[in-house]
Amino acid sequence: MARAPRAATAARAYGRSVVRLVLLLFLTAAVLLAPVPRLTPTATSVPTAPDPAPAVPAVGRAWPVGVRPPILRGWEPPATTYGRGHRGVDLAAPAGTPVRAVAAGRVSFAGRVAGKGVVSVELPGTGDPPLRTTYEPVRTTVKKGDEVEAGEVVGTVEATGSHCAETCVHWGLRRADTYLDPLSLLPPWLLRSGPSRLLPVLGVPLPS
């Protein structure tokens, strides 16, 4: 009579073993068949730097003063926002010399700053935010909101207020709070050209 209970106990133990085995196989299959998670690009890629500011387009069509004025001091970008440097270009020009807009735009400021006459012209179509040129010291002949063409006179060089050893006009270029080289506005042909000359047309006789 003792063999029956022992047989029943063994059967129950065997049944539990079978159940555990089935559960283990099921869990193993579930893990193997589950889709492999994909890492998102942000998790695997190296953080990239923000896009650089748009390059300066060569939209200039005239020098601020003269045809090819002497450059007394060039652009010297500061190492830091408030560091030492020269945030523009100084062009030699006698007092009273007409100051022209380098490129077409809209006058965003015309007035006096720290006792000096300043004209700023915003250049549309030059990026976001757009470029802005400045000229000082200038006795202004335009007002805020005026539309000006390339080569149009915006004022005359003032006799005082210049930081040069001789009378000059300081020409600056900015995109928002970033100072840029104003000469980069000028195309190569304007940077190296002298006074304009009319060339003869082939097949057309020159006037006598």
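Residues forming a side-chain hydrogen bond (donor to acceptor under 3.5 Å, both in side chains) with K143 (at least two apart in sequence, or on another chain): D146. Legend: residues meeting side-chain hydrogen bond (donor to acceptor under 3.5 Å, both in side chains) with R139, ordered by chain and number and at least two apart, are absent. In this structure D90 satisfies the side-chain hydrogen bond (donor to acceptor under 3.5 Å, both in side chains) test together with H86, H163, H170, sequence neighbours excluded. With sequence neighbours excluded, the residues satisfying side-chain contact (heavy atoms from CB on, under 4.5 Å) with S184 are V56, L173, D181. Annotation: side-chain contact (heavy atoms from CB on, under 4.5 Å) contacts of P124 (sequence neighbours excluded): none. Judged as a salt bridge (Lys or Arg N to Asp or Glu O under 4.0 Å), and not counting sequence neighbours, the contacts of E122 are R106.
Panel note: side chain S120, backbone T134; no donor-acceptor pair is recorded below 3.5 Å. No side-chain donor-acceptor contact under 3.5 Å links R175 to the backbone of L180.
Here disulfide bond (SG atoms under 2.5 Å apart) pairs that include residues 149-182, with residues two or more places apart or in two chains, are C164-C168. The salt bridge (charged side-chain N to carboxylate O under 4.0 Å, His left out) analysis of residues 108-119, with sequence neighbours excluded, yields the pairs R112-E158, K116-E136. Residue pairs meeting the disulfide bond (SG atoms under 2.5 Å apart) criterion with at least one member in residues 122-160: none, sequence neighbours excluded.
Taking 4.5 Å as the limit, some side-chain heavy atom of W171 sits within range of a side-chain heavy atom of L91. Side-chain contact between I71 and L183 is present, with heavy atoms from C-beta onward closer than 4.5 Å. Using a 4.5 Å cut-off on side-chain heavy atoms (C-beta onward), T133 and L185 make contact.
Of all heavy-atom pairs spanning G60 and P187, the tightest one is O-CD, 3.2 Å. The minimum heavy-atom distance linking P57 with L131 is given by the pair CD-CD1, 3.7 Å. Here the shortest heavy-atom pairing between Y135 and V121 reads CE1-CG2, 4.2 Å. The two residues P182 and G88 come nearest to each other via the heavy atoms CG-CA, 4.1 Å.
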Fill in: Working for side chain to side chain contact (heavy atoms under 4.5 Å, CB included), residues S108 and R132
CA-CA 8 Å; S108 57; R132 186 169 70 251; 3.4 Å; yes
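Linking ILVMFWY side-chain heavy atoms closer than 4.5 Å, directly or via other members, places V65 and V118 in two distinct hydrophobic clusters. Under the 4.5 Å side-chain heavy-atom criterion for ILVMFWY residues, a single connected hydrophobic cluster contains both V89 and L191. Following chains of ILVMFWY side-chain contacts shorter than 4.5 Å, one can reach L190 starting from V59, so the two form part of one hydrophobic cluster.
Atom CD of residue E76 and atom OH of residue Y179 lie 14.5 Å apart, to the nearest 0.5 angstrom.
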Throw together a table of side-chain donor-acceptor distances under 3.5 angstrom for residues 147-157, partners on residues two or more places apart or in other chains.
| from | atom 1 | to | atom 2 | distance (Å) |
| --- | --- | --- | --- | --- |
| E152 | OE1 | E149 | N | 2.9 |

In residues 92-105, what donor-acceptor pairs under 3.5 Å come from side-chain atoms, sequence neighbours left out?
| from | atom 1 | to | atom 2 | distance (Å) |
| --- | --- | --- | --- | --- |
| T97 | OG1 | P94 | O | 2.7 |
| R100 | NH2 | W63 | O | 3.3 |
| R100 | NH2 | G66 | O | 2.5 |

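Residues near L72 contribute nothing to a hydrophobic cluster around it, because no ILVMFWY side-chain heavy atom sits closer than 4.5 Å to its side chain.
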